[in-house]
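Everything on this sheet refers to the single structure shown next.
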Amino acid sequence: MTTTSTAGPTLDEIAAEAHAFLAARVPRRAPANLGAGPDDVMGVGLRRGDAELAEVEAAQTWQRDLFAAGLAWIDGPVEYGGRGLTEAHRNRVHAVLREYDVPNTACFMVGHDIVGPAILAHGTEEQRAAYLPGIWRGDIICCQLFSEPGAGSDLASLRTSARRAGDGWVVNGQKVWSSYAHLAQLGELLARTGDPADRHRGITAFLVDMDAPGVDVRPLRQITGAEHFNEVFLDDVAVPDAQRIGEVDGGWPIALTTLTSERSLMGDEHNGLMNDPVRRLYALAESTGADADPVVRELLAEAWEREQIVRETARRSLAAPAEDQSGSVLKLMSTADMEFYVAAATRILGPRLAVDHGTWGTFAWSQLLLGAPAHRIAGGSDEIQKNIIAERVLGLPRDPRPPIPGRSTTTTTQRSRGPA
């Protein structure tokens, strides 16, 4: 597999190239003078029905143009549709993209940051060639089929099964909390292929066509009113063996690759889950006159401090080795920050946060208030992230796991799953 290289344009040259492409197509983002226009604090999961479909269509059109210009997958291998440049080049282009009013491409988040890395790391040459260009061109929207009603905090106890049938597999079971499954063409699935007592040693990873017979996607209505997450029922779904990732019963390392990518995404300040929350807090305090309140001023100062700490932690994590667990640290920090921002907005607004009376920057915060708790579960719960940091980073002893009747007492990696 080809890796990225340092050959090619300099950072300034790739930035100029991106500026030229964007300036010819979209306007620059409005100045930092907030107080009018869109006031959504949340960046994902707000659209439903025709509005969501229109947003996805605009995202796909945009992504195809970006891909054709060689600006979609900057650090990806050339043979799979990437540009073959470095992570520094990618970060520079992403910084330029944030300066322009580009379409919302959150529907590609799972494919680009979760499923795609698993295919690149563990897939066959045929799988990489078949899926990666389409994922990065925007033709293929992906979802993750890991969590189950009875396999959340302990993913290794999953019960969805895959049994051999001729030259393929037949899958039966149920998955839940699958982001974008109602839009997806491709799902990354973990299924039980060995004895349940084998735990993670009896799990295999597959790529599932979401339009295959027997796949039933049912959106879940959230407290925000959106239907961003889904439960997925699999009833005798035929999966060719060519869509198996890795070895039979060897899916756990693939799962870990996926989960590491997911946690890093959840902790990335530019993941699109929130739209400039700190700037919006400052504008909100100024527009309501709350910036004269000493308590609010302290909250605003802390909000700024939290943002800087996450940025510095994220910067350091870029130079960390692959086995580093900084994704768990960033995920915990970002979740706590999200809830802090909501608390600050609640102090500023009081009851105005809960009533949609049309004033900019008021009711919009209620969406974040209602959506924030899900992020304590998404990508692995806070408790599981703390266990990972304690055991894998600090080297602390594992807590004893109580034996479960009928199951092996072998200690395994646990993970609380939620919306992903």
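As a basis for the values below, the full set of heavy atoms in this structure was taken, side chains included, without hydrogen atoms, waters or symmetry mates.
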Tell me whether [X] contacts the main-chain N or O of [Y] through its side chain, where contact means a donor paired with an acceptor under 3.5 Å.
X      : Y      : value
Gln185 : Leu183 : yes
Gln127 : Arg244 : yes
Thr362 : Gly358 : no
Arg28  : Ala23  : no
Glu307 : Val278 : no
His228 : Gln222 : no
Arg29  : Asp101 : no

For residues [X] and [Y], report the shortest heavy-atom separation together with the two atoms involved.
X      : Y      : answer
Ala283 : Trp360 : CB-CH2, 4.3 Å
Val96  : Ala18  : CG1-CB, 3.8 Å
Pro117 : Gly111 : CD-O, 4.0 Å
Leu120 : Pro77  : CD1-CG, 4.0 Å
Thr257 : Ala121 : CG2-CB, 4.3 Å
Ser161 : Ala191 : C-CB, 4.2 Å

Any side-chain heavy atom of [X] within less than 4.5 Å of one from [Y]?
X      : Y      : value
Met274 : Asp337 : no
Glu52  : Glu227 : no
Arg159 : Pro196 : yes
Tyr180 : Val217 : no
Leu85  : Pro9   : yes
Val115 : Tyr131 : no
His112 : Ile135 : yes
Tyr341 : Arg280 : no

Within this structure, what is the [atom1]-[atom2] distance for the pair [X] and [Y], rounded to the nearest 0.5 Å?
X      : Y      : atom1 : atom2 : value
Phe108 : Ile140 : CZ    : CD1   : 11.0 Å
Ser147 : Lys175 : OG    : NZ    : 8.0 Å
Asp293 : Leu299 : CG    : CG    : 8.0 Å
Leu158 : Leu190 : CG    : CG    : 6.0 Å
Leu300 : Ile348 : CG    : CD1   : 5.0 Å
Leu66  : Leu22  : CG    : CG    : 7.5 Å

Original post:
So Glu17 and Arg83, salt bridge (charged side-chain N to carboxylate O under 4.0 Å, His left out) or not? Walk me through it.
Top reply: CA-CA 13 Å; Glu17 182 182 334; Arg83 186 70 177 266; 3.0 Å; yes

Original post:
How far apart are the C-alpha atoms of Leu97 and His94, what are their side-chain angles, what is the distance that settles it, and do they pass the side chain to side chain contact (heavy atoms under 4.5 Å, CB included) test?
Top reply: CA-CA 5 Å; Leu97 284 168; His94 286 186; 4.1 Å; yes

Subject >> Val232: which of Val237, Leu189, Val176, Leu145 passes side-chain contact (heavy atoms from CB on, under 4.5 Å) >> reply: Leu145

**OP:** Report the relative orientation of the aromatic rings in Trp136 and Trp73; use parallel for angles under 30°, tilted for 30 to 60°, perpendicular for over 60°.
**Re:** parallel

Is the number of heavy atoms from other residues, nucleotides or ligands under 6.0 Å of [X] [atom1] greater than 12?
X      : atom1 : answer
Glu302 : CD    : yes
Ile223 : CD1   : no
Glu57  : CD    : no
Glu99  : CD    : yes
Arg297 : CZ    : no

Original post:
Can you check salt bridge (charged side-chain N to carboxylate O under 4.0 Å, His left out) on Glu383 and Lys386, steps first, answer last?
Top reply: CA-CA 5 Å; Glu383 292 76 14; Lys386 291 174 182 177; over 6 Å; no

Would you mind writing out the side-chain donor-acceptor pairs for residues 202-212 within the sub-3.5 Å range, not counting sequence neighbours?
| residue | atom | partner | partner atom | Å |
| --- | --- | --- | --- | --- |
| Thr204 | OG1 | Thr193 | OG1 | 2.5 |
| Thr204 | OG1 | Asp249 | N | 2.7 |

Original post:
Could you walk me through whether Arg398 and Glu391 pass the salt bridge (charged side-chain N to carboxylate O under 4.0 Å, His left out) check?
Top reply: CA-CA 6 Å; Arg398 290 176 178 266; Glu391 296 171 0; 3.3 Å; yes

**OP:** Determine, step by step, whether Leu368 and Met338 satisfy the side chain to side chain contact (heavy atoms under 4.5 Å, CB included) criterion, reporting the C-alpha distance in whole Å, the side-chain angles of both residues, the deciding distance to 0.1 Å, and the verdict.
**Re:** CA-CA 8 Å; Leu368 190 62; Met338 182 181 292; 3.9 Å; yes

Subject >> Arg25 and Tyr100: CA distance, side-chain angles, deciding distance, side chain to side chain contact (heavy atoms under 4.5 Å, CB included) verdict >> reply: CA-CA 10 Å; Arg25 290 165 176 81; Tyr100 290 83; over 6 Å; no

Original post:
Going through the distances and angles, do Val310 and Arg306 end up as a side chain to side chain contact (heavy atoms under 4.5 Å, CB included)?
Top reply: CA-CA 6 Å; Val310 167; Arg306 284 172 174 264; 5.7 Å; no

